[in-house]
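Below: one structure, written as structure tokens.
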2 protein chains.
Amino acid sequence: MRPTVNDIAREAGVSLATVDRVLNARPGVREKTIKAVNDAISRLGYVRDLSAANLARSRTYRMAVVLPDTESQFVQTLADTFQDAGHLVATARIDLSLHRFPPEDPHALAALLLDLPARGYAGVALMAPETPVLRDAVRSLRARGLPVVALVSDLPNTGRDHFIGTDNRAAGRTAGVLMGRFLGGGPGQVMVIGSSLLARDMIERRRGFDEVMLRDFPGVSVLQSLETHGSGRTLRQVVTEMLANAPDVRGIYAMGDGHRALTQAIQELGLSGKLTVICHELTPHTRKALEAGEITAVIAQNPGHLARSTLRVLRAKVDNLPLDEGQEQIRIEVLLRENLPPTPSDAPDSATEATSTAA
Amino acid sequence: MRPTVNDIAREAGVSLATVDRVLNARPGVREKTIKAVNDAISRLGYVRDLSAANLARSRTYRMAVVLPDTESQFVQTLADTFQDAGHLVATARIDLSLHRFPPEDPHALAALLLDLPARGYAGVALMAPETPVLRDAVRSLRARGLPVVALVSDLPNTGRDHFIGTDNRAAGRTAGVLMGRFLGGGPGQVMVIGSSLLARDMIERRRGFDEVMLRDFPGVSVLQSLETHGSGRTLRQVVTEMLANAPDVRGIYAMGDGHRALTQAIQELGLSGKLTVICHELTPHTRKALEAGEITAVIAQNPGHLARSTLRVLRAKVDNLPLDEGQEQIRIEVLLRENLPPTPSDAPDSATEATSTAA
DNA sequence: TCGGAAATGAGGTACGCACCTCAAAAATGC
DNA sequence: GCATTTTTGAGGTGCGTACCTCATTTCCGA
């Protein structure tokens, strides 16, 4: 059998109460005694039974997930995934709630964040561009003891506790190799489109992309980034114009969202399948476009992994537990028409663990 | 607060004992009463508290993971991952043990398997080629109530309870697109190498590869598969000969293992970087070769995911619980030099739930 | 209508841990 | 050596569920 707290007490020659004090870092124990207990722990190879511990605590942590309120399908999918994972309350004593903020209003976001501690939250996961107000808000939260986790787009200068998402620079590099190789390295131009060039994820993707293109595919010239500010209208207009005037454009790298407008523009110009189009995130739309050959490749991060990882990390941070870094790495997925995962969209979304009644 | 069994009892107007009987599918309850309880359950939205349930059960299930005893680095990594996850005993009341069998001796494997029930095992995960003896052994296990999970290579005709691994056909297709596009679709020959052409995963990869090459890249001619039977010696010899005599070979698709010999042969012939080489699985060696540019792309499945998924699935099967299909899908990873994950090789692989003793 | 079988209730113990209280022992300062 | 503070011990309760026993009630068929 696995050793229990009682075994430790016996082994260390102390009482249960003392073991408990040491295990939970409660005050009032001499250094010497702490050491004795820890020695016993390592001698017996004791491992705290988390099921029992959580049960005994029977305290649930309120966690906030804060996402921008854009119409982006990716963000929407992410929101849905978190929503579904809310049932996780069951097993991990986490009470999750979703918050959205107007993407163009950093002050509203800051206000939202700063209100969280008062409302009893114990941790926050946040997807937002790094602005000065945001930086202050995050710092303030952390000062009050709330762990803050950056989601999808990192917030390196805020002191966030963790970043959950792909390495966007590497994602950009990956897009670069694929683009370069798919174009055969030959001459031609590549358009780069991003929603907002301020968001850290965009910047890093662009940097990674350029890095590879310059180094490995000097024959291909990469045009300046086009900024669309999330507006499909703008995107479509700009792309149409651009493509009409630049016959040398053989590839498009869409770093952000607004893919619908993009593929529409391509279709209208009759360029479907003639361009190498690489974009990010698997959404219903990009899936369809991939299947139809309108998009060549999608660089994606799995929303399910993001959500699960977020919850694990938040829990670990709140409890001050170590992480399994390997498990928390969000991989960069390369999706082609040929390796599209079967759509689980209409599969009933069961909770992580379901209740079984008689068969 | 979440509803508990007591709430259900009250809501359904029955006693706790009856609720328990229904929840755990024990006999001696009228249909009508079962329904009443289930109604109460859904009305209250009851979800069994797994922490408490596992605690109360305090029974651990012995699970066997059975892997071939080859020197393949991938299998080795997999074995290590399982080994590390053995600490999972802690949280999921799973007692995991690893078994290896001589890859060329299906009878030894069958004997090993058939001995498991007597030794108190409650479930098996198995990576092995499908032979008639194996089929019978698996059927026998399942008849005795042991769930059997196929690992990496599916065993479709054995009635296995689940398959954990990538869709190998899709993996082959992915290799195909990459090969075709990287070659620019132009003329040339592609060598295909596999360790054993009997293993289901090899067959499916080859099928997927051919499918794409024939359909989308008719200009590229794909040579017959070379079988190496896991021998590096044979592989090296065959490849060297082949490459020397066929100057048109521009790409190599290595479906299985033995990459070391392959890259050696390529190096010796001075063809490093001049061929498009695609192979499977991320191992220390393929990582290095990828970084050095000797291998162009690696199609991989993540051993950590495989191991974790295996444990979750085994547990669910043993407990007769439903699965979260989405989470159990093993994605096909496309690895290029540009998106190689940082090596976590020396990061300690803690179990799904980490242990914390005093900080 | 009665008897046996089936269904249900009442209540208990255990799982491993967190957290509480109060008393007793040990260490400390003077 | 005494009073004071710090440390430790003993013991209890509860978390939500599993699983057990034994008594009681309800059901069904003859």
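Letters go in sequence order (proteins before strands), and every chain restarts at 1.
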Would you mind writing out the side-chain donor-acceptor pairs for residues 113-125 of chain A within the sub-3.5 Å range, not counting sequence neighbours?
{"unit_1": "Tyr121(A)", "atom_1": "OH", "unit_2": "Arg62(A)", "atom_2": "NH2", "d": "3.2"}
{"unit_1": "Tyr121(A)", "atom_1": "OH", "unit_2": "Ser97(A)", "atom_2": "OG", "d": "2.7"}
{"unit_1": "Tyr121(A)", "atom_1": "OH", "unit_2": "His99(A)", "atom_2": "NE2", "d": "3.3"}

Q) Does anything in residues 143-152 of chain B pair up under salt bridge (Lys or Arg N to Asp or Glu O under 4.0 Å), and if so which pairs, sequence neighbours excluded? A) none
Q | Axial bend angle, the helix from dT1(C)-dA30(D) to dC30(C)-dG1(D): five-pair end segments, nearest 10° | A | 10°
Q) Of Gly13(B) and Ala52(B), whose closest DNA chain C nucleotide lies nearer the 5' terminus? A) Gly13(B)
Q) Roughly, in whole Å, what's the span from CG in Leu55(A) to P in dT17(D)? A) 9 Å
Q | Residues in side-chain contact (heavy atoms from CB on, under 4.5 Å) contact with Ala150(A), at least two apart in sequence or another chain | A | Asp154(A), Leu155(A), Arg160(A), Phe163(A)
Q: Would you please name every residue forming a side-chain contact (heavy atoms from CB on, under 4.5 Å) with Ala52(A), sequence neighbours left out?
A: Asp49(A), Leu55(B)
Q: In whole angstrom, give the distance that lies between atom CD1 of Ile34(A) and atom C1' of dT6(D).
A: 13 Å
Q. By ring pair (Phe, Tyr, Trp, His ring centres under 6.0 Å), which residues pair with His162(A), not counting sequence neighbours?
A. none
Q. Between dG9(D) atom P and Arg10(A) atom CZ, what is the distance in whole Å?
A. 14 Å
Q. Along nucleotides 19-30 of chain D, 5' to 3', which nucleotides get a B, which get an S, and which get a -, given that the test is a protein heavy-atom distance under 4.0 Å?
A. B-------S---
Q) Ignoring hydrogens and geometry, is there a side-chain-to-backbone donor-acceptor pair from Ser42(B) to Asp39(B) under 3.5 Å? A) yes
Q.
On DNA chain C, compare the nucleotides closest to Thr33(B) and Ser58(B); which residue's is nearer the 5' end?
A. Thr33(B)
Enumerate, atom names and distances included, each donor-acceptor pair closer than 3.5 Å involving a side-chain atom of residues 6-14 of chain A, sequence neighbours excluded.
{"unit_1": "Asp7(A)", "atom_1": "OD1", "unit_2": "Arg10(A)", "atom_2": "NH2", "d": "3.0"}
{"unit_1": "Asp7(A)", "atom_1": "OD2", "unit_2": "Thr4(A)", "atom_2": "N", "d": "2.8"}
{"unit_1": "Glu11(A)", "atom_1": "OE2", "unit_2": "Arg43(A)", "atom_2": "NH1", "d": "2.2"}

Q: Mind checking side-chain contact (heavy atoms from CB on, under 4.5 Å) for Pro27(B) and listing every partner two or more places apart, or none if nothing turns up?
A: none
Q. Who passes side-chain contact (heavy atoms from CB on, under 4.5 Å) against Thr77(B), sequence neighbours left out?
A. Thr81(B), Pro303(B)
(Q) Please tell me whether Asn24(B) and Arg48(B) have a donor and an acceptor in their side chains that are separated by less than 3.5 angstrom. (A) yes
Q: Take atom CG of Asn6(B) and atom P of dA18(D), then tell me their distance rounded to the nearest Å.
A: 12 Å
(Q) Reading DNA chain C in the 5' to 3' direction, which nucleotide is the first one with an atom under 4.0 Å from a heavy atom of chain A, and which is the last? (A) dG16(C) to dA27(C)
Q | Sequence-distant partners of Asn157(B), side chain to side chain donor-acceptor pair (under 3.5 Å), two or more places apart | A | Glu130(B)
Q. Looking only at side-chain N and O atoms, does Thr4(B) come under 4.0 Å of OP1 or OP2 in dG16(D)?
A. no
